[in-house]
Structure formats: structure tokens, C-alpha cells
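What follows is a set of notes on a single structure, which appears directly below.
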2 protein chains.
Amino acid sequence: MAPNQKGNVDIVAVAKAAKVSPSTVSRTFNHPDLVSPATRKKINRAVQKLGYVRNRAAQMMHGKRSGTIGLVVPTINHAIFAEVIQAFSDAIDQAGFTLLLASHGYDLDREYEMVRKLMEHRVDGVALIGLEHSAATSRLIAQQETPAMAIWNYEEESELPCVGADNRLAGRMAAEHLLELGHRDIGLIFPDTRGNDRAQYRLNSVLEALREKGVSVPEHRMSEAPYSVAQAKQAAIRLFSGGARPSALLCGNDVIAQGALYGAQKCGLRVPGDVSIIGIGDFKGSADIEPGLTTIRIPAETIGSLAGQRFTEYITSDTREQFRLCCGLERVVRGTTCPAA
Amino acid sequence: MAPNQKGNVDIVAVAKAAKVSPSTVSRTFNHPDLVSPATRKKINRAVQKLGYVRNRAAQMMHGKRSGTIGLVVPTINHAIFAEVIQAFSDAIDQAGFTLLLASHGYDLDREYEMVRKLMEHRVDGVALIGLEHSAATSRLIAQQETPAMAIWNYEEESELPCVGADNRLAGRMAAEHLLELGHRDIGLIFPDTRGNDRAQYRLNSVLEALREKGVSVPEHRMSEAPYSVAQAKQAAIRLFSGGARPSALLCGNDVIAQGALYGAQKCGLRVPGDVSIIGIGDFKGSADIEPGLTTIRIPAETIGSLAGQRFTEYITSDTREQFRLCCGLERVVRGTTCPAA
DNA sequence: AAGATTTATGAAAACGTTTGCAATACTATT
DNA sequence: AATAGTATTGCAAACGTTTTCATAAATCTT
């Protein structure tokens, strides 16, 4: 009665219904040109009628690709990663792949576990955020010979193929903008840099660029905030409340910058009149906030798209030539910075 | 030499190395109690040495679960969904499942394609956002007998098991807050409601609640904006620029409300003095913006977590009893609303 | 119209696991 | 010391596909 009496509609059920052999059904899917149009029609009708859905797991056992790509991110719930994930997902979808997603909360040991988990599912490739990973992770990837890539950071000598931006340059550009405007007393709010090479690179290069111009940042001008508007707001308020306040704030990313901006507004400070604020990232929304946030734009969407395209090419090609793509940065001057008084 | 000479380390390679049969190796993983401690140790050593990683696809062919759950969302790049995805992912991860993620951009036909794609991978279950889906999707789910659930909406008579909030109530609560404050001239900014039952329900119930109090919303007080701060800002500016402006704005979600707030600030309007603004959702950041956004809180994280927990239970239990969980809403009055003049 | 190609199909082995059943090696009982 | 259990292991079939090889049918040569 029911077209699908048992729920186990497989290729042989289809074959039976179409009165052909399983081989022919399989061929209809994989090499349609080898099957006569008439038979193909019969088979398609049977597929339709029975509601057959291919079983990729079974295909995979014949050396076929699983058609999945694993992506391991620190966190999903994060403007910038969400944007990258979306773009990456769309790009690999275009190439017929499906995304297996896992997050580790900035814990490199958990990252290893996640990569391992994905490999149990025999992903055709695994993409990681950033270039800093545990030795165990690298070993696992090498051992399994799973194609792997890094997203978000670019480095000339990177171990893994990568598509991303130069975070050191980003930090430098932010610092130089402030310096050019004449700021010398600069406050810094950055996230914890452990297990986060992006933040690490940015912070180091900011400090370096400032030092080159003879500007040093005393301890009490530095604050740490996790990736959260609320906490960054608090951190900024703390920086502002101690005696003399800095003339400018350089924030490790736009979320923190946004929090800092609210913090300043809360303290009754005019931005940029009383204090200039610059972020890094140019997240969705940074342009629209009032006043518009000055920042260093990292093209998240481009990075995600490019990464997805390039990675699927890499996986499906048999040559497997390494790739390293550097996406350009852009200084976006909006309303939160102005010359020092 | 190399511990893994060919890349094809399978259960029989391990068996060979440990000098036991493949069956015993398999048992060591699945029923360790049936294997003597000594043998287990030998096998574990071999696993370690060869770097064996289990192949879930092969297990799956024995009626075992694939250990994956599919989640299909309208978009990933969206504060509220990112939060749900993160919580859902964490919850199913706890239960040993891996997330297969796909997005459809509010296109119900694409949603069908995505569900189908996930089913080819034999996900153990598929979770969808919202209760409105194409007939083809429902048929597919029924036919394949794949466990399915809806996230984000709650409805007593829902076809699918669901975990979510009552979007109609959310709309009503927002409207009533404004009415209680004495507002009668109310502007509305909502996203396109096609393929988006959440927005649909909210809008209808808002209109209904207003009508009950004899308040109608003329055409020129209604504006449509996609899920984007920038465009909502423009929409708000349009609403404000025509002659007499409304005394309050009710926005379909917090992103729109945020855009509206910036729009008001841009127009030199004081919020809430000149215009009150209320959103729906209470997204991350809504609390921190200046002034804090008044909104109807929908507990995204709770919903995602609960959905993940409940769904994995559902999948792993053999009883398969339906579930429908309604997560409570909360009116969060912050700084963007005040009594009408 | 007979042989030589070409095209379309089927049979069976293979992929990496799990598991029911059978076989063997212990241990406890008398 | 023989018997009955029990704990441990191996064999082989099964899962749903793909693919190689062989066969059968259709088409082309001359």
C-alpha cells in the first residue's frame, strides 16, 4: 500500500520496482550517459514513487568523497565568525558539499577533539580558524592525510594553506591612524590572547607600531575584555574613570569598540571630541552605529567565500597544490576618531 | 617505517597489529566489557600506534546511528540564529552528536533541498526553524521517517515537535506595552513576512492587539526592512521625515529596533523623549546600547539548549514521545520607551 | 548476411564495520 | 577428575553502495 512500507528504500528496492539490476540504478545516478534513456525514465519513476534518497555513507565506502567539509571555529555566536561561516557554507554548498560545524570556545584541546570527531565522519576536508593549533591537531591532520586549511589569518610561511588577512598589519594600521591624528596617550582594550593568535598578532603589532614612534602604553592603560559588548563597556568605563583619561582608545575588535563607545557615552564623554575610538574588523553594524565606527576593515565575507571556493577546488583537484590568499585590509574612517586636542 | 604507511588504517589493520581478529577490535569499542582487559590493552596500543580513527559511515551501515543532526536555518549570519545555533550545537555535542548545518536564505524551496541533502547524509534527525515549511518538506520528512523538530516557534497544535516561544504573544506584549504608555500613533517596521512565520505571527498579533484598543495603523506608518541595521535605519528615517511623526515605533525584531534607534539619533530626535522604540528579541547587545533597548525578551540560548537536549533524548529513546516546549517571554523595559506626551 | 563494433545490462566482488553463532579456553563444582 | 558453566575470541554474513568484467543486444561494415 504505502509506497514505502518499511522505511528501507534502497537501491535494490528501486531496481526491483524498475525491473532492472541494482548496477543499472547506480549507473543512472553516477554515469547517466551509460544508461539508455528509456531505462533511465523507468528508474526515475521508481525513485520518485518510492521516495528513494541516496545514501552517501554507503557511497563513501567505495572511495567516493563523503561530500562533507568540517569547519571548526572558536565560537559561532560572534558577528565575525557568523559572517565567515555563512559565506563559507554558501561557497561549499555551491560545490555540492555539506558543512559539518563544530566550535571549541577558544580551547585548543577541545579543538583537537572536534577535529577528531569530524574525522570520524570522514569529512573530505577540515577548515580551522587561525594558524595556532595544538601539536596533536597538526599530527592528526598529517596522519590522516585529510586536506586542511586555515581561515582568517594570512601568513606567508604558514604550515597550512590559508585564506585570510594579515592581522599584524591590521593592528599596525589602527595604531598608525591614531598616531597620525596626533594621539600619544592611547588606551588599549583587547581580548585574552591565549589560544587566539588573531588577537595576539594584533596586539603585538599595535605595541610595536606605537613603540616605533616612541609611544609606550603603561599597564593602567591596558584592559582585557572578552568578546562581549557588555564587558567591553565596563572595561572602557574603568579606563575612563581613573584620573586623566587617554585621548584615544584602540580596541582589539569592533565588538569591543562598540562596547567602548557605549561606555564613553555612558560616562558623558563626547566621541570623538573627548575621546577617539578605533576598532578592528568592520563588523556588520559598525557602519550604522552613531557615530559610525572608525575601524580597519577585514573582509569577512570575502574571506569565507574565497576560502570555500578555493578549498573545494583543492579537495576535488588531484594535483593538490597549496594555496595562500591574502585579503586586503582597508582603513575605514568614520565618526569616532578625530585629531588629538 | 611510518606508522601509517598507506593512509588506510582500518579495523583489520589494527587487528593485525594487535594480533587479534577484527571482531575483537570492534567489540573493544562497542562492548568493552566483553573483552578481556589484557586484549583491550593490546588493542589500544595498536590503535594509538597506527593512529586509527573510527569510521562512522561504516558503522552506520549496520543500523547504527550516524551521530549527526541536521539543522536548517534561514541564515547563520544573524545575531539571533547564531545564538540558537551555538546553544543547539553545544547541547547535541554533549550527547555525542555532530552538527550538519545548512541555510536557505528564507527560501522554502531551498529549505527542501537542504533537508534532502542532509538526509542523503543520513542525519539522525533534522531540526528546522519555524513551523512553516513547504508541503514537499513535510512529505519528505514523513516518508523517510527521520525524526524532525521545529525550533523557535511554539504552537500547541504544531505538526512537528517544537521548542520555542509564542511569537503571537511576543507581538501582543510589545503592542500592549506601548498602549499602556498611552501611545496611540504607532509606527511599525517589520521584515518581509513571506516564508517567515515568526514575523508573520508577530505582525498579525500586534495589529490585533492595537485594533482591540481601537488603534489602527495607516499604510504610511508601516515600513518594511530586511534583517539589517543599515536598512532599518533608512526605513526609520523615512518614517520620521514625513510630516507628523509617530510617537512610538514598534519593530519586528531588535536588529530593526537598533537601526531605528540610530535613525532617530541621526534625525536629531531624542529617544525616548521624542519617540519611543520597542523591539522584539532582546539580542545580545540590546542591553548595552545607549539608551538600553526596551524589548520583549525571547530566550534564544535557552531555546537552543533545550531543543538540543530534548531532541537528542527523543532520537536516542525508543519510545519517541512527542514534545512541545514553550519558553517564556519577558518584557524588558529599558531606556527607549516612556509615556506618550 | 555474416562478422566486427558499439551500446546496454547484469553478476559478483569490494568497501569497513557489526554481530549472531560457534568454538575454544578457563573456572567452579561435585 | 570429570562435568557444567562462563568468559573470551574468531568466523562469516550482512549493511547499501560502486565498479570491473562478462554477456547480450543492437548497429554498422562490407
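Hydrogens, waters and symmetry mates play no part in the numbers below; they use all other heavy atoms, side chains included. What you see is a predicted model; the values in this text were computed from it and never measured. Protein chains get the first letters and strands the later ones, always in sequence-line order, with residue 1 at the start of each.
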Q: Nearest 0.5 Å please: distance from the CG atom of Asp124(A) over to the CE atom of Met60(A).
A: 8.5 Å
Q) Ile11(B) CD1 to dC15(C) C1': how many Å, rounded? A) 13 Å
Q. Phe29(A) and Tyr52(A): aromatic ring centres closer than 6.0 Å?
A. yes
Q: Using a strict 4.0 Å threshold on nitrogen-to-oxygen distance, state whether Arg54(A) and Glu120(B) make a salt bridge.
A: no
Q. Going by number, which of residues 27-38 of chain B have a non-hydrogen atom under 4.0 Å from DNA chain D?
A. Arg27(B), Leu34(B), Val35(B), Ser36(B)
Q: May I have the distance from Asn55(A) (atom CG) to dT17(C) (atom P), rounded to whole angstrom?
A: 16 Å
Q) Under a 4.0 Å N-O cut-off, is there an ion pair linking Arg310(B) with Glu313(B)? A) yes
Q.
Can you tell me if Ser21(B) touches the phosphate of dT9(D), counting only side-chain N or O atoms and a distance under 4.0 Å to OP1 or OP2?
A. no
Q) Taking Lys117(B) for the side chain and Phe97(A) for the main chain, is one N or O donor matched with an acceptor at less than 3.5 Å? A) yes
Q. Which ones in residues 56-66 of chain B lie close to DNA chain D, meaning a heavy atom under 4.0 Å from one of its atoms?
A. Met61(B), His62(B)
Q | Closest approach of Thr68(B) to Val123(B) (non-hydrogen atoms, all atoms of both residues) | A | OG1-CA, 3.3 Å
Q. Rounded to the Å, how far apart are Lys16(B) NZ and dG10(D) C1'?
A. 15 Å
Q) Are any of Thr39(B)'s side-chain N or O atoms less than 4.0 Å away from OP1 or OP2 of dT9(D)? A) yes
Q) Could you state the CZ-P distance from Arg122(A) to dC15(C), rounded to the nearest angstrom? A) 15 Å
(Q) Can you measure Lys42(B) atom NZ to dT8(D) atom C1' for me and round it to whole angstrom units? (A) 11 Å
Q.
So, OP1 or OP2 of dT18(D): does either fall under 4.0 Å of a side-chain N or O from Arg54(A)?
A. yes
Q.
Using C1' atoms of five pairs at each end, report the bend of the helix from dA1(C)-dT30(D) to dT30(C)-dA1(D) rounded to 10 degrees.
A. 40°
Q. Lys41(B) has an atom NZ; how far is it from atom C1' of dT8(D), in whole Å?
A. 17 Å
Q) Are Ser26(B) and dT17(C) close enough that a side-chain N or O sits under 4.0 Å from OP1 or OP2? A) no
Q. Could you give the CG-to-P distance, from Asp10(B) to dT18(C), as a whole number of Å?
A. 12 Å
